[in-house]
Amino acid sequence: VQLQAYGGGLVQPGGSPRLSCATSGHTFSSHVMGWFRQAPGKEREFVAAIRWGRASTYYADSVKGRFTISKDNAKKTVYLQMNSLEPEDTAVYYCAKANALSTLPREYRDWGQGTQVTVSS
């Protein structure tokens with residue numbers, strides 16, 4: 001399974017970029033796609049997750065109400081719509097796949113290469 005995340009870049013505070021994560025290989029309804037982020041000097045942290053087979057979504061408290069995770073099963077692509085960005089959202093954003101829902105990076109087996117999001121005026 002290969003994951004490729006893209007859509008990052010330099011964004012002004014309050015901006016609303018959308019990240020995409022294209023997947024290849026087999027996916028099953030039980031699989032979970034997650035977004036994580038890692039800021040310089042900090043540990044990788046959970047952002048959001050969604051199940052391939054259901055519309056169930058999960059968010060970290062820090063992004064709840066501002067970020068939306070969604071998927072297009074036909075395109076095998078997962079999206080992260082980010083709204084009202086703040087400088088604290090600056091990080092490398094990664095997409096990853098797990099066999100079951102988890103907020104722990106170690107539970108995700110497959111990872112994309114990451115895409116930098118920098119929030120600055």
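Every value quoted in this text rests on a predicted model; they were computed, and no experiment measured them. Hydrogens, waters and symmetry mates are skipped; everything else that's a heavy atom, side chains included, is used.
The two residues Ser70 and Ile50 come nearest to each other via the heavy atoms CA-CD1, 3.9 Å. The two atoms that bring Ala96 and Leu3 nearest to each other are CA-CD1, 3.6 Å, heavy atoms only.
A distance of 5.0 Å separates CZ of Arg18 from OH of Tyr79, quoted to the nearest 0.5 Å. Rounding to the nearest 0.5 angstrom, the gap separating the CD atom in Gln81 from the CG atom in Leu19 is 9.0 Å. Atom CG in Asp110 sits 8.5 Å away from atom CE in Met33 (nearest 0.5 Å).
Looking only at distances, no side-chain donor or acceptor of Asn73 sits under 3.5 Å from a matching main-chain atom of Gly53. Judged purely by atom type and a 3.5 angstrom limit, Thr23 uses its side chain to pair as donor or acceptor with the backbone of Lys76. In this structure a side-chain-to-backbone donor-acceptor pair under 3.5 Å is missing from Glu107 to Leu101. Side-chain atoms of Tyr59 come within 3.5 Å of backbone atoms of Ile69 as a donor-acceptor pair (strictly under, hydrogens ignored). Put simply, the side chain of Ser24 gets close to the backbone of Gln2: a donor and an acceptor are under 3.5 Å apart. In this structure, Thr115 contributes its side chain and Ala5 its backbone to no donor-acceptor pair below 3.5 Å.
Residues Ser62 and Arg37 have side chains in contact (heavy-atom distance under 4.5 Å, counting atoms from C-beta outward). Taking the side chain as every heavy atom from C-beta outward, Val32 and Lys97 never approach each other to under 4.5 Å. Between Tyr58 and Thr103 the shortest side-chain heavy-atom distance does not fall below 4.5 Å. No side-chain heavy atom of Met82 sits less than 4.5 Å from a side-chain heavy atom of Arg66.
Grouping the Ile, Leu, Val, Met, Phe, Trp and Tyr side chains by contacts below 4.5 angstrom, directly or via other members, places Tyr94 apart from Leu80. Hydrophobic clustering (ILVMFWY, side-chain heavy atoms < 4.5 Å, transitive): Phe67 and Val92 are in distinct clusters. Linking Ile, Leu, Val, Met, Phe, Trp and Tyr residues whenever their side-chain heavy atoms come within less than 4.5 Å leaves Trp35 and Tyr6 in two separate clusters.
Judged as a ring-ring contact (aromatic ring centres under 6.0 Å, His included), and not counting sequence neighbours, the contacts of Phe36 are Phe46, Tyr108, Trp111. Scanning for side-chain contact (heavy atoms from CB on, under 4.5 Å) contacts around Val119 gives Pro13, Leu85, Pro87, Asp89, Thr90, Val117, with sequence neighbours left out.
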